[in-house]
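Structure record follows, encoded as structure tokens.
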Amino acid sequence: MRTIITEPENGGKICPDQWQFRDCSEETCLLDCRLSQWTIWGECSGSCISDENIPITTRRRTIVQQPINGGKQCEKTLEETQHCEKLPECEKEEEKENEKKKKENEAEEQENERKNKEEQEKQ
């Protein structure tokens, strides 16, 4: 619907109808595909980088409007992945085991020292 801003004056033409209709079946209206915006990048699939594993992150988008009547088709890419950057290198399993054993040995030594002090105090 259109709105009349100024009525005709001084012999001016009468405004046309305020309503305009069209039969959609007479025209083929093309409607192109519409995609959503990309989501933000998700969390990395891991917390460190190793020779066997480089974590990735993913972002997605969805189809908001499918094409109609021959409209432009949607791009095929609805998901993207990339390698996570700036992650530390993973400790090698051997290094982890050595660190664990070192901590266990330190705890055992502390326990032995405590026991020795207790025995000395008893004497």
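Keep in mind it's a predicted model, so treat the numbers as computed, not measured.
No donor-acceptor pair closer than 3.5 Å links the side chain of Ser50 to the backbone N or O of Cys90. For Thr81 (side chain) and Thr58 (main-chain N/O), no donor-acceptor pair under 3.5 Å exists by modelled atom type. A donor-acceptor distance shorter than 3.5 angstrom exists from the side chain of Asn69 to the backbone of Cys29, with no hydrogens or angles considered.
Salt bridge Arg114/Glu111: present, at least one basic N to carboxylate O contact under 4.0 Å.
Pairing each heavy atom of Arg61 with each of Gln37, the nearest pair is CB-O, 3.7 Å. The shortest non-hydrogen separation linking Ile63 to Cys33 is CG2-SG, 4.3 Å. For the residue pair Ile40 and Arg59, the shortest heavy atom distance occurs at O-CB, 3.9 Å. In plain terms, the two heavy atoms of Glu89 and Cys48 that are nearest each other are C-CB, 4.0 Å. In plain terms, the two heavy atoms of Asp32 and Gln65 that are nearest each other are O-CG, 3.8 Å. What you find for Ser36 and Val64 is that their closest heavy atoms are N-CG2, 3.5 Å.
For CD of Glu43, the number of neighbouring non-hydrogen atoms (other residues, nucleotides, ligands) closer than 6.0 Å is 12 at most. At most 12 non-hydrogen atoms from other residues, nucleotides or ligands lie less than 6.0 angstrom from CD of Glu85.
Between Gln82 and Ile56 there is no side-chain heavy-atom pair separated by less than 4.5 Å. By the 4.5 Å heavy-atom criterion applied to side chains, Pro88 and Ile49 are not counted as neighbours. You'll find the side chain of Ser47 stays beyond 4.5 Å of the side chain of Leu87, heavy atoms only.
We find the CG-CZ distance between Leu35 and Arg60 to be 15.0 Å, quoted to the nearest 0.5 Å. Asn105 CG to Lys103 NZ: the interatomic distance, rounded to the nearest 0.5 Å, is 13.0 Å. To the nearest 0.5 Å, the span separating NZ on Lys72 from CG on Leu31 amounts to 12.5 Å. Between the CD atom in Glu80 and the CH2 atom in Trp38 there is a gap of 3.5 Å [rounded to 0.5 Å]. In this structure, NZ in Lys86 is found 12.0 Å from SG in Cys44, a value given to the nearest 0.5 Å.
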